[in-house]
Amino acid sequence: MTSTTVAAPATAAPAAQAKVRRGWTQHGLLFVAPFLLIYLAFLVWPTVLGFRMSLSSVNIAGGNNHLVGFANYAEAFTDPRMWHSLWNTLVFTVLSTVPLVLLGLGFALLVHHLRFVQWLWRLSFFGPFLLPSAVVSLLWLQMIYPPDYGLINGTLGIDVLWLSDPSVAMWSMVLTTVWWTVGFNFLLYLAALQSIPQHLYEAAAIDGASAWDRLRSITLPLLGRTTALIVVLQLLASLKVFDQIYLMTAGGPQDSTRPIIEYAYDVGFTGYRTGYASAVSYILFVLIVIVSLAQLRLFRKRAEVSS
C-alpha cells in the first residue's frame with residue numbers, strides 16, 4: 001500500500017511573501033508621508049524655486065522681472081568681489097578644518113584615558129558648542145578681542161587689533177570657531193574610541209607594543225570612518241560659514257573676512273538683486289557637492305586599500 005503526497009504549488013510561498021512586502025510598503029509609505037510632504041514643501045520646492053530665480057532678474061524692490069537665462073552666472077564668474085569672497089571662504093575652510101579635526105581627536109584621547117571626573121572634562125570641551133552663535137560672537141567681541149581690555153591682549157601683554165587688522169581678522173574668526181565647535185568633533189571621536197574593543201590593546205601590550213604603536217596601529221586605523229565623517233561634516237560647515245563672521249566683523253575689515261554666503265546676502269538684501277544672489281548661492285551649492293563627493297570617494301578608496 002503506497003501513499004502519495006500532494007505538493008503545494010511552488011508559487012504559493014513567493015506570492016504570499018510578495019503580498020506581505022506590498023503590505024509593508026504601503027504601511028511604510030503612510031508613516032513616512034508626513035515627512036515626505038514636509039521635505040518636498042520646505043526643501044525640494046524651495047531648491048527648484050531658487051534655481052528658477054537664479055535664471056531671472058527678480059528684484060525684491062520690485063521692477064521688471066523676466067528670465068535672463070544664465071546671464072547671472074556669467075556675471076558671477078566675472079565678478080572679482082564674488083571670487084574674493086569665495087577665496088575667503090576657502091581660506092577659512094582650510095584654516096579651521098585642520099585644527100578642528102586634530103584638536104577633536106586630541107581632546108577625545110585625553111578624556112578617554114583620564115579616569116577621574118570625566119563628566120567635567122566632557123562638559124568643558126562640549127559646553128561651548130551648545131551656545132548660540134550670537135552669544136559666542138558677543139563673548140569674544142566684548143571680552144576676548146578688545147585691544148584695550150581684552151583677555152588675550154591683557155594676559156599676554158600685547159597690542160593686536162584682532163578684528164581691525166586685515167592680516168589678523170581671518171585668524172581671529174578661525175580661533176573663535178575652533179573654540180566654539182571643536183566639542184562636536186570631540187564627542188564623535190570619544191564615542192568612537194569607547195567602541196574599540198579593549199582586548200585589542202591588551203593583546204598588543206602582551207606582544208610588547210608601546211603606547212605609540214597601539215595608537216598608530218590600532219586606534220587611528222579603527223577611527224578611519226569617524227575621521228572621514230568628521231572631515232566631510234567640517235568641510236560642509238566651514239564652507240557655509242556666516243553667523244559669527246557677520247556678527248563680529250560684517251565681512252571686514254576691507255572685506256578680508258567676508259565669506260561667499262555673506263556676499264550673496266549683501267547682494268540680495270542690500271543690493272536687492274535676488275536673482276543674482278541666487279546664482280551666487282547655487283555656485284556655492286555646486287562647490288559643496290563637488291567637495292563632498294570628492295571626499296567620500298577619497299575615503300572610500302582608502303578604506304578599500306586598507307581592507
Side-chain angles (χ1 to χ4, degrees), residues 35-97 132-134 137 163 166 169-170 173-174 177 181 232-296:
F35 169 78
L36 289 177
L37 292 176
I38 295 175
Y39 182 81
L40 292 173
F42 293 98
L43 185 63
V44 176
W45 174 243
T47 301
V48 175
L49 182 62
F51 181 71
R52 184 183 182 280
M53 291 175 59
S54 71
L55 302 177
S56 69
S57 61
V58 60
N59 192 317
I60 62 174
N64 189 18
N65 177 19
H66 58 278
L67 292 177
V68 295
F70 290 94
N72 288 328
Y73 291 91
E75 180 182 353
F77 282 115
T78 58
D79 186 355
R81 296 174 302 171
M82 194 281 293
W83 286 109
H84 182 67
S85 62
L86 180 59
W87 173 252
N88 288 338
T89 304
L90 296 177
V91 169
F92 176 86
T93 300
V94 173
L95 294 179
S96 62
T97 298
S133 58
S137 300
L163 300 178
M170 181 61 77
M173 294 298 98
V174 171
T177 304
T181 60
V232 171
L233 293 178
Q234 193 57 59
L235 286 174
L236 296 180
S238 298
L239 288 172
K240 297 185 296 182
V241 63
F242 173 76
D243 295 359
Q244 63 270 36
I245 293 181
Y246 182 77
L247 292 171
M248 297 179 67
T249 65
Q254 302 175 16
D255 292 340
S256 60
T257 61
R258 181 167 66 172
I260 189 171
I261 289 185
E262 184 177 342
Y263 177 65
Y265 172 83
D266 292 338
V267 171
F269 292 95
T270 303
Y272 304 116
R273 300 186 59 193
T274 313
Y276 181 69
S278 300
V280 173
S281 300
Y282 274 85
I283 292 174
L284 176 62
F285 171 75
V286 172
L287 175 63
I288 291 175
V289 171
I290 293 174
V291 170
S292 302
L293 294 177
Q295 286 291 326
L296 292 174

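Quick caveat: nothing in here was measured; it's all calculated off a predicted structure.
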Inset, instruction - Verify the ring-centre separation between Y73 and Y282: is it less than 6.0 angstrom? - result: no
Judged by atom type as modelled, is there a donor-acceptor pair below 3.5 Å linking the side chain of [X] to the main-chain atoms of [Y]?
{"X": "S238", "Y": "T97", "result": "no"}
{"X": "T78", "Y": "E75", "result": "yes"}
{"X": "T89", "Y": "I260", "result": "yes"}

Inset, instruction - Would you please test N88 and Y263 for side chain to side chain donor-acceptor pair (under 3.5 Å) and show each step? - result: CA-CA 11 Å; N88 288 338; Y263 177 65; over 6 Å; no
Grab the two heavy atoms, one from [X] and one from [Y], that are nearest each other, plus how far apart they are.
{"X": "R52", "Y": "L67", "answer": "O-CD2, 4.5 Å"}
{"X": "T177", "Y": "T181", "answer": "O-OG1, 2.7 Å"}
{"X": "L236", "Y": "S292", "answer": "CD2-OG, 2.9 Å"}

Interatomic distance, [X] atom [atom1] to [Y] atom [atom2] [nearest 0.5 angstrom]:
{"X": "S137", "Y": "Q244", "atom1": "OG", "atom2": "CD", "result": "6.0 Å"}
{"X": "L239", "Y": "L86", "atom1": "CG", "atom2": "CG", "result": "8.5 Å"}
{"X": "Y246", "Y": "R258", "atom1": "OH", "atom2": "CZ", "result": "11.5 Å"}
{"X": "D79", "Y": "S85", "atom1": "CG", "atom2": "OG", "result": "8.0 Å"}
{"X": "F51", "Y": "S56", "atom1": "CZ", "atom2": "OG", "result": "11.0 Å"}
{"X": "L40", "Y": "W45", "atom1": "CG", "atom2": "CH2", "result": "11.5 Å"}

Legend entry - Derivation and outcome, side chain to side chain contact (heavy atoms under 4.5 Å, CB included), residues L284 and I288: CA-CA 6 Å; L284 176 62; I288 291 175; 4.0 Å; yes
Inset, instruction - Kindly indicate, with the supporting measurements, whether the criterion side chain to side chain contact (heavy atoms under 4.5 Å, CB included) is fulfilled by N72 and V280. - result: CA-CA 8 Å; N72 288 328; V280 173; over 6 Å; no
Legend entry - Working for side chain to side chain contact (heavy atoms under 4.5 Å, CB included), residues L163 and M173: CA-CA 9 Å; L163 300 178; M173 294 298 98; 3.6 Å; yes
Inset, instruction - Check the surroundings of atom CZ in F242: do more than 12 heavy atoms from other residues, nucleotides or ligands lie under 6.0 Å from it? - result: yes
Inset, instruction - Determine, stepwise, if the pair N59 / T274 fulfils side chain to side chain contact (heavy atoms under 4.5 Å, CB included). - result: CA-CA 5 Å; N59 192 317; T274 313; 5.5 Å; no
Legend entry - Ion pair D255/R81, N-O distance below 4.0 Å: no
